[in-house]
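Quick notes on the structure that follows.
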Amino acid sequence: MAKLNRIITNVYLKAAAVGHRTLVIVLVEACMIVVSAALSFVLRLNHLPNGSQFLAGIVLLVSVRMVFLWRYNLLRGWWRYTGFDEALDLAKATGLGTAVFFLLYSIVVRIAGSGFGWPVSVYFIEALLTAAFLAAGRATSRKAANLSGRLDRIASTRLLLVGAGDAGRRLLKELNRKGSGFRAVACVDDDSTKQGIPFEGSKVEGTLEDIPEIARRFDAQEIWIAMPRATSSQMNRIVKICAETQLPFKSMPRFADIVNGNLVPQVRQVSTSDLLGRDPITADLKSVRDHIEGKRVMVTGAAGSIGSELCWQLLGYAPKELVCLDQSETGIFYLELKQRDRACSLPVSYCVADVSNAQRMRRIIHEHQIEIIFHAAAYKHVPVMETNVSEAVYNNITAFERLLDTAEDCGVESFVMISSDKAVNPTNVMGTTKRIAELVIASRPSPKMECVAVRFGNVLGSNGSVVPIFQEQISRDNEITITHPDIKRFFMTIDEAVSLVLQAFTVGTNGDILVLDMGEPMKIVDLARNLIRLSGKTEKDVQIRFVGLRNGEKLKEELFYESEQVWQTSCHKVLRTRSTVRRWPELSRLLKALALLVETGSDEELKFAMKAIVPEYDVQELNAPGYPTRRDSYKTKSAAAPNASTSIQ
Ligand SMILES: NC(=O)c1ccc[n+]([C@@H]2O[C@H](COP(=O)([O-])OP(=O)(O)OC[C@H]3O[C@@H](n4cnc5c(N)ncnc54)[C@H](O)[C@@H]3O)[C@@H](O)[C@H]2O)c1
């Protein structure tokens with residue numbers, strides 16, 4: 001009997017694997033019913049019934065049984081997916097089937113004559129045998145399926161899935177296929193209605209907060225985040241929780257990739273906004289369009305990170321003409337390549353020029369009748385500028401001043417200077433040059449041209465910023481180097497920063513220093529950790545090494561001076577500041593002195609002259625014994641300029 005059962009089960013399994021699963025199951029189960037009925041006669045009467053007696057009953061029996069098996073959903077699927085419930089259904093289907101068959105066949109026997117009757121005990125034996133065959137067949141099929149699955153499962157990686165939504169479901173369907181190499185041992189989801197429900201062979205075991213406990217309990221080896229529509233703040237929260245487990249985790253590809261079957265367990269390219277821990281800032285596009293549409297606009301430093309994004313976004317506001325200007329010929333070449341498609345219907349000019357060349361700038365501004373200038377051309381790398389002081393002063397101050405004068409002469413209406421949070425209480429040359437440029441904007445009388453400065457913190461992913469550097473270090477499985485465990489910075493994505501620069505331009509009035517609200521500063525070490533984990537690696541793969549603060553580097557940047565008054569503008573992420581600044585004649589005189597030193601002065605002399613303009617400049621050499629203190633140096637210079645006074649512009 002066991003042998004027979006095995007043969008039937010093998011046929012059952014093989015046939016089912018071929019396809020047309022329901023038809024195969026119907027046929028196999030019908031065979032089992034026929035064999036059960038025949039065996040019942042043998043067991044009861046020691047011989048098979050005569051043909052007509054047997055056949056008359058068997059057709060009706062199989063039909064009735066099929067109806068009840070169908071009614072209890074037992075004609076499809078494999079038992080490996082279910083358990084006790086299906087066993088109960090099987091018992092009900094067999095019991096009810098026997099009862100109905102008994103009633104119907106009794107009527108048949110009454111009509112056809114007693115020669116067709118079946119002994120009552122045969123009904124019972126047949127019911128038991130049928131139930132046993134059906135159960136054994138299905139149980140064996142489950143065992144066989146489990147056995148083949150178990151080998152798979154032993155070798156597969158145990159996953160904890162985050163997100164029991166559509167993406168997670170599709171993902172698990174793929175993973176449940178034989179040979180995927182991965183197996184979800186548990187799911188988590190914050191939706192309270194999903195708690196405890198079976199989910200594609202797994203189960204929702206808790207919420208996101210439970211990830212560390214569930215990962216431990218189920219001995220998960222990896223965490224996969226299947227939430228392609230998660231916002232940055234959600235993603236950041238998930239990343240933080242996953243980080244506690246010390247397990248590698250991956251963010252799954254976008255929904256479309258899952259649908260398209262691109263399910264190699266690839267890590268979604270970590271978007272810089274994923275690292276921010278907040279949702280992206282959106283800008284009021286209409287007000288920007290009102291100010292840009294139909295205008296002739298120039299962007300200096302157009303090949304740089306900020307400048308190129310400015311050009312890109314400006315093209316979306318239909319300027320009459322866009323002039324992209326940079327001293328880097330290669331940079332301009334690539335910018336033109338990148339913008340070719342977007343700019344096809346607009347007049348865009350690409351100029352290689354140095355903004356310090358007043359003659360060339362005059363010609364370009366004149367020729368293109370420029371009305372608005374976004375000035376993003378500058379040197380920005382703090383350590384490099386520490387050892388190239390005169391270049392920093394020349395490019396970020398002298399060249400900038402020249403450009404301002406030229407622009408005003410040529411009838412430019414608006415001028416936006418890109419500043420940096422390093423301009424606040426600067427500790428380095430670069431930051432001090434940006435502060436001086438801000439002071440020029442705030443102090444310089446400019447009756448014909450509206451000048452504003454826009455100050456903001458670090459831009460994620462910009463040239464030379466930590467993110468591309470960390471990404472490269474991670475991809476080489478190298479260590480990540482960070483200067484200090486407590487170093488913090490304000491961060492925005494490039495498109496956020498630039499869209500707010502454009503907004504600031506629309507709300508600014510002459511002399512404003514506008515500051516972008518960057519939210520809370522973020523520890524660089526946290527950013528590095530997020531980046532490591534979002535790249536699917538652990539801190540065991542990529543170690544973090546602290547190398548000490550560099551010259552001129554601060555632990556924490558600030559966005560405002562204490563003395564600055566801050567006002568809200570109509571754009572809630574852009575703040576207007578004003579403070580007491582020197583009158584222009586005095587500032588102008590100090591600037592001329594500084595400009596003279598560019599040619600001949602030493603680094604110390606240049607720094608001293610900068611400190612005279614920016615008393616908050618905290619420069620180590622000048623604080624050393626032998627040099628006047630910050631306060632003294634300011635007093636010294638003020639004393640040298642008896643007319644010096646302060647005024648609010
Ligand atoms: N990137 C940031 O995180 C960030 C944050 C806040 C403020 N900023 C400020 O934004 C400005 C631009 O930064 P970025 O990240 O785009 O720098 P970047 O180095 O990527 O780009 C600067 C561009 O200016 C060009 N340039 C420099 N001097 C020039 C000159 N004399 N004439 C013509 N072109 C010149 C360079 O060739 C370069 O293409 C800087 O003033 C910087 O301080 C940058």
Sequence neighbours left out, cut at 3.5 Å: what donor-acceptor pairs do the side chains of residues 196-207 make with other protein atoms?
from, atom 1, to, atom 2, distance (Å)
E200, OE2, R169, NH1, 3.1
T207, OG1, D210, OD2, 3.3

TODO: Inspect the surroundings of OH in Y334 and state if more than 12 heavy atoms from other residues, nucleotides or ligands are less than 6.0 Å away.
DONE: no

TODO: Begin with the C-alpha distance, continue with both residues' side-chain angles, and end with the deciding distance and a verdict on side chain to side chain contact (heavy atoms under 4.5 Å, CB included) for L527 and V467.
DONE: CA-CA 8 Å; L527 184 107; V467 175; 4.0 Å; yes

Task: From CZ (F490) to CE (M522), nearest 0.5 Å - done: 13.0 Å

Task: Beyond-backbone contact of V525 with I480, side-chain heavy atoms, under 4.5 angstrom - done: no

Task: Side-chain donor or acceptor of R44 paired with backbone N/O of V122 under 3.5 Å - done: no

Open item on the list: Let me confirm one number: the CG-CH2 distance from L160 to W224, rounded to the nearest 0.5 Å.
Closed with: 12.5 Å

Open item on the list: With a 4.5 Å cut-off on side-chain heavy atoms, are L129 and L43 touching?
Closed with: yes

Task: More than 12 heavy atoms from other groups under 6.0 Å of CD on Q543 - done: no

TODO: Please answer whether the main-chain N or O of A215 pairs with a side-chain N or O of R158 as donor and acceptor at a distance below 3.5 Å.
DONE: no

- [ ] Might you work through the side chain to side chain donor-acceptor pair (under 3.5 Å) test for R65 and T98, ending with a clear yes or no?
- [x] CA-CA 8 Å; R65 288 240 176 276; T98 302; 2.7 Å; yes

TODO: Supply the atom-to-atom distance R71 CZ to F68 CZ, rounded to the nearest 0.5 angstrom.
DONE: 9.0 Å

Task: Minimal non-hydrogen separation, I544 against F546, with atom names - done: CG2-CZ, 3.9 Å

Task: Check against side chain to side chain contact (heavy atoms under 4.5 Å, CB included), K573 and L516 - done: CA-CA 6 Å; K573 286 282 175 190; L516 306 187; over 6 Å; no

TODO: Begin with the C-alpha distance, continue with both residues' side-chain angles, and end with the deciding distance and a verdict on side chain to side chain contact (heavy atoms under 4.5 Å, CB included) for L39 and E126.
DONE: CA-CA 8 Å; L39 270 176; E126 184 277 332; over 6 Å; no

- [ ] On the 0 to 90° scale, with breaks at 30° and 60°, tag the F102-Y123 ring pair as parallel, tilted or perpendicular.
- [x] perpendicular

- [ ] State whether the number of non-hydrogen atoms from other residues, nucleotides or ligands found under 6.0 Å of K556 atom NZ is greater than 12.
- [x] no

Open item on the list: Using the side chain to side chain contact (heavy atoms under 4.5 Å, CB included) definition, which of the options V501, D495, I494 pairs with Q313?
Closed with: D495

- [ ] Indicate yes or no: at least one non-hydrogen side-chain atom of L531 is less than 4.5 angstrom from one of V542.
- [x] no

Open item on the list: If you count heavy atoms of other groups shown closer than 6.0 angstrom to NZ of K194, is the number above 12?
Closed with: yes

Open item on the list: Does R110, at its CZ atom, have more than 12 non-hydrogen atoms belonging to other residues, nucleotides or ligands within less than 6.0 Å?
Closed with: no

- [ ] Decide side chain to side chain contact (heavy atoms under 4.5 Å, CB included) for R489 and M518; before the verdict, give the C-alpha distance in whole Å, the side-chain angles of both, and the deciding distance to 0.1 Å.
- [x] CA-CA 10 Å; R489 290 291 179 263; M518 312 271 302; over 6 Å; no

TODO: State, without any angle test, whether R216 and T245 hold a side-chain donor-acceptor pair at a distance under 3.5 Å.
DONE: no

Open item on the list: Donor-acceptor pair, distance only, cut-off 3.5 Å: does the side chain of Q195 make one with the backbone of D189?
Closed with: yes

TODO: Taking S462 for its side chain and S465 for its backbone only, find out whether a donor-acceptor pair lies under 3.5 Å.
DONE: no

Task: Non-hydrogen atoms of I223 and I211 that approach each other most closely - done: CD1-CG2, 3.8 Å

- [ ] Would you mind reporting whether Y317 and E293 have side-chain heavy atoms less than 4.5 Å apart?
- [x] no

Open item on the list: Restricting to non-hydrogen atoms, name the atom on L315 and the atom on L346 that form the minimum distance, rounded to 0.1 Å.
Closed with: O-CD1, 3.4 Å

- [ ] Would you mind reporting whether I469 and E472 have side-chain heavy atoms less than 4.5 Å apart?
- [x] no

Open item on the list: How close do L500 and V574 get, counting heavy atoms only, and between which atoms?
Closed with: O-CG2, 4.0 Å

TODO: Report yes if the side chains of M227 and V162 come closer than 4.5 Å at any heavy-atom pair, otherwise no.
DONE: yes

Task: Which atom of V26 lies closest to which atom of M66, heavy atoms considered - done: O-CE, 3.4 Å

Task: Considering all heavy atoms, the nearest K523-K488 contact - done: CG-CG, 3.8 Å

Task: Student check: side-chain heavy atoms of F41 and P119 closer than 4.5 Å - done: yes

